[in-house]
*Asks:* 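Got a structure for you, questions after.
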Amino acid sequence: MKRSPLALFAGLYLIFLYAPIILLPLFAFNDGTIIAFPLRGFTLGWFADLANTPALHEATLNSLIIACSVAVLATCLGLFAARAVTRYKFPLKGGILGFIMLPLVLPEVIVAISLLVVLMQLGINASIFTIILGHTLLCMPFAIAILQGSFAGLDVSLEEAAVDLGETRAGAFRLVILPIVTPGIIASLLICFIISLDEFIIAFFLSGNEPTLPVYLWGQLRFPARLPVVMALGTILVTLSIVLLIVADIFRRRGLRRTGQSETGGFL
Amino acid sequence: MSSTPLIQMQDVHKYYGAYHALRGITAEIAEGEFFSLLGPSGCGKTTLLRAIAGFEEISSGAILLNGADMAGVPPNRRPTNMVFQSYAIFPHLSVEQNVGFGLRRSSMSVGEKTQAIGEALEMVGLGHLGGRAAHALSGGQRQRVALARALILKPKVLLLDEPLSALDRKMREDMQVELMKLQREVGITFVLVTHDQEEALVMSDRIAVMFEGEIAQLADPEVLYRRPATKRVADFIGVMNFLPATASGRSVEAAGLGVADLAADQMPAGPVAGACTVGLRPETLSILHDGEASMAREASAEIEEVVYYGDMTYYDVRLDGMDTTMRISMRNMVGRDVLDVGARTRVGWDPRAMVVFPD
């Protein structure tokens with residue numbers, strides 16, 4: 001097989017993209033404080049150090065609280081929006097949906113600064129609560145995109161059939177609609193969780209004195225001696241993200257199969 | 001059959017905003033009847049069916065089931081069940097769970113439910129498929145599951161919304177016969193919505209032909225076919241030749257066909273005088289091959305088009321003195337040659353087959 005220049009380009013592109021991420025675990029297990037080759041030896045010491053850093057635990061707890069709240073909040077709102085969009089016709093539908101999707105393309109710095117200005121004007125202090133608000137805004141487009149896929153393949157007469165067979169509207173939703181869109185809900189929860197967990201800019205602007213994990217990581221970069229610990233934490237975060245993303249996509253695909261739709265590529 | 005009709009529709013109107021979807025539907029459906037709503041898409045037949053099911057609220061008039069006014073009664077409290085056009089099989093449940101869905105709220109024991117589900121599946125010929133996942137079914141099997149799921153609740157009325165339109169031709173013809181048998185077996189009133197005139201003629205006891213939200217004619221299949229009330233009904237059901245004519249009383253004259261004195265049921269309801277239209281079905285006309293029996297009326301004609309269908313041949317012929325052509329369908333038989341375009345022949349017909357429409 002002849003190797004085309006495009007294949008070479010693609011190979012270089014992938015190396016450029018992922019080499020830094022591969023370096024992360026490499027130095028996380030390296031027995032030396034200086035981030036440079038040659039590697040010195042294998043150690044789990046940096047991971048052990050993570051356990052003895054109370055400030056880190058606090059940041060982790062903050063991040064988890066925020067990510068869980070955002071996942072639930074964005075998915076619930078996304079559920080309403082996705083059902084409304086796929087099921088009903090109403091004026092300005094396209095415009096409203098466009099506005100919800102806008103954070104997807106707006107520069108995050110702009111969104112973060114605007115949010116900060118608004119919150120200041122309203123007299124609300126930056127806290128975990130404000131980060132939750134910011135992240136929900138950011139996650140809504142993803143939640144809607146995923147859930148819309150689940151609802152789009154849903155035959156309206158399924159719900160009518162359930163009612164026709166004796167169920168109430170609420171019963172029909174619980175027994176028929178919900179089970180069919182559940183994979184989509186789980187996928188949305190996981191994706192929103194990861195996005196919130198990894199997000200830095202909005203968290204940085206809105207965190208006040210309650211840092212999230214990425215904000216804490218950024219703070220640690222000022223101390224060269226702490227660098228390997230940062231690498232260790234980064235390794236954990238990257239692994240967690242990849243695992244959750246894979247699980248989320250498995251659920252999303254299962255959902256599509258359930259409603260009899262064919263695969264149309266990833267959701268991103 | 002009880003004396004009060006099972007379903008009574010009294011001057012039913014339905015508006016969607018300014019759009020007048022149902023324009024004063026009045027009809028009665030008896031218990032045990034196979035009743036069809038037939039019409040082109042957009043004629044309101046599905047809206048009417050959904051109104052009987054309770055999915056559409058009517059704007060005025062009344063729908064009575066078993067003598068009780070159904071206004072404000074939700075679908076889950078009506079003695080009706082529906083087979084949806086898409087079948088609406090719950091994809092996350094097995095065949096058995098689908099069929100048993102409606103029994104969730106019944107007071108039956110688990111054993112009784114299992115038995116009822118088994119019987120319902122047996123009835124539609126799916127006894128062996130109970131455990132299968134719903135998304136692994138073929139189109140015909142889905143339809144049977146939808147039937148079993150609706151019939152297990154022993155409704156007073158089974159509503160069917162174009163149930164055969166998703167099947168291929170062969171399967172559709174088989175299912176038509178099966179549906180008829182099933183209906184006779186269970187004795188439940190069936191109300192069928194279809195745009196397929198053949199389907200309606202084959203299966204129904206009575207048919208309501210609908211155009212633009214109104215019932216154009218309500219009759220049994222034979223009357224509907226032989227004595228359509230309007231040109232539009234005649235044109236929608238089967239094929240009919242329309243010829244310009246003039247009438248005075250029941251004496252009707254058409255160019256090429258001569259004068260005929262017709263019976264009362266061949267004439268339109270209102271009085272006709274002057275210009276009108278005569279209708280003749282293609283199979284009531286005959287090409288009189290040499291040596292074949294003569295008919296009540298005969299005329300010379302020229303063949304202008306021949307369409308050979310294997311079992312049938314369709315001829316477009318022009319009778320001497322006629323401006324337009326008429327279609328004639330002839331069964332192909334041994335010893336009966338297919339004639340060529342341009343051939344001269346004799347055409348026979350019987351005035352008793354004529355129908356007159358006002359212009």
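Every chain is numbered from 1, with letters handed out A, B, ... down the list of sequences. Worth saying up front: this structure is predicted, and the values here are computed from it rather than measured.
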*Asks:* Would you confirm whether Thr189(B), through its side chain, and Gly32(B), through its main-chain N or O, come within 3.5 Å as a donor-acceptor pair?
*Replies:*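 Yes, Thr189(B) side chain to Gly32(B) backbone: donor-acceptor pair under 3.5 Å.
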
*Asks:* Ignoring hydrogens and angles, tell me if any N or O in the side chain of Lys93(A) forms a donor-acceptor pair with the backbone of Val85(A) under 3.5 Å.
*Replies:*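 Checking the backbone N and O of Val85(A) against the side chain of Lys93(A), a donor-acceptor pair under 3.5 Å is found.
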
*Asks:* Any idea how Phe55(B) and Phe84(B) line up, ring-wise: parallel (<30°), tilted (30 to 60°), or perpendicular (>60°)?
*Replies:*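 Phe55(B) vs Phe84(B) ring planes: tilted.
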
*Asks:* Is it the backbone or the side chain of Arg77(B) that comes under 4.5 Å from a heavy atom of chain A, or both, or neither?
*Replies:*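 Neither part.
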
*Asks:* Does any N or O in the side chain of Lys156(B) come within less than 3.5 Å of the main-chain N or O of Pro79(B), such that one atom is a donor and the other an acceptor?
*Replies:*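 Checked: no pair found.
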
*Asks:* Under 4.5 Å heavy-atom distance to chain B, tell me which part of Ala172(A) shows up: side chain, backbone, both or neither.
*Replies:*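 The answer is neither part of Ala172(A).
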
*Asks:* Below 4.5 Å from any heavy atom of chain A, which atoms of Phe90(B) appear? Answer side chain, backbone, both or neither.
*Replies:*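 Both backbone and side chain.
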
*Asks:* At a 4.5 Å cut-off on heavy atoms, which part of Asp155(A) comes close to chain B: side chain, backbone, both, or neither?
*Replies:*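 Interface part for Asp155(A): side chain.
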
*Asks:* Out of Val163(A), Asp164(A), Leu158(A), which one racks up the most heavy-atom pairs below 4.5 Å with chain B?
*Replies:*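 Of the options given, most contacts go to Asp164(A).
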
*Asks:* Name all residues meeting the side chain to side chain donor-acceptor pair (under 3.5 Å) criterion together with Glu119(B); count only those two or more places apart in sequence or in a different chain, and write none if there are none.
*Replies:*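 Counting only residues at least two positions away or on another chain, Glu119(B) forms a side chain to side chain donor-acceptor pair (under 3.5 Å) with Gln115(B).
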
*Asks:* Can I get a per-line list of side-chain donor-acceptor pairs under 3.5 Å for residues 72-80 of chain A, giving both atom names and the distance, sequence neighbours left out?
*Replies:*
unit_1, atom_1, unit_2, atom_2, d
Thr75(A), OG1, Ala71(A), O, 2.6
Thr75(A), OG1, Ser188(A), OG, 2.9

*Asks:* Under a 4.5 Å heavy-atom cut-off, does chain A meet the side chain of Ile89(B), its backbone, both or neither?
*Replies:*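 Backbone only.
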
*Asks:* Check whether Arg78(B) gets within reach of chain A through its side chain, its backbone, both or neither, counting any heavy atom under 4.5 Å.
*Replies:*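 Contact with chain A: none, neither part.
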
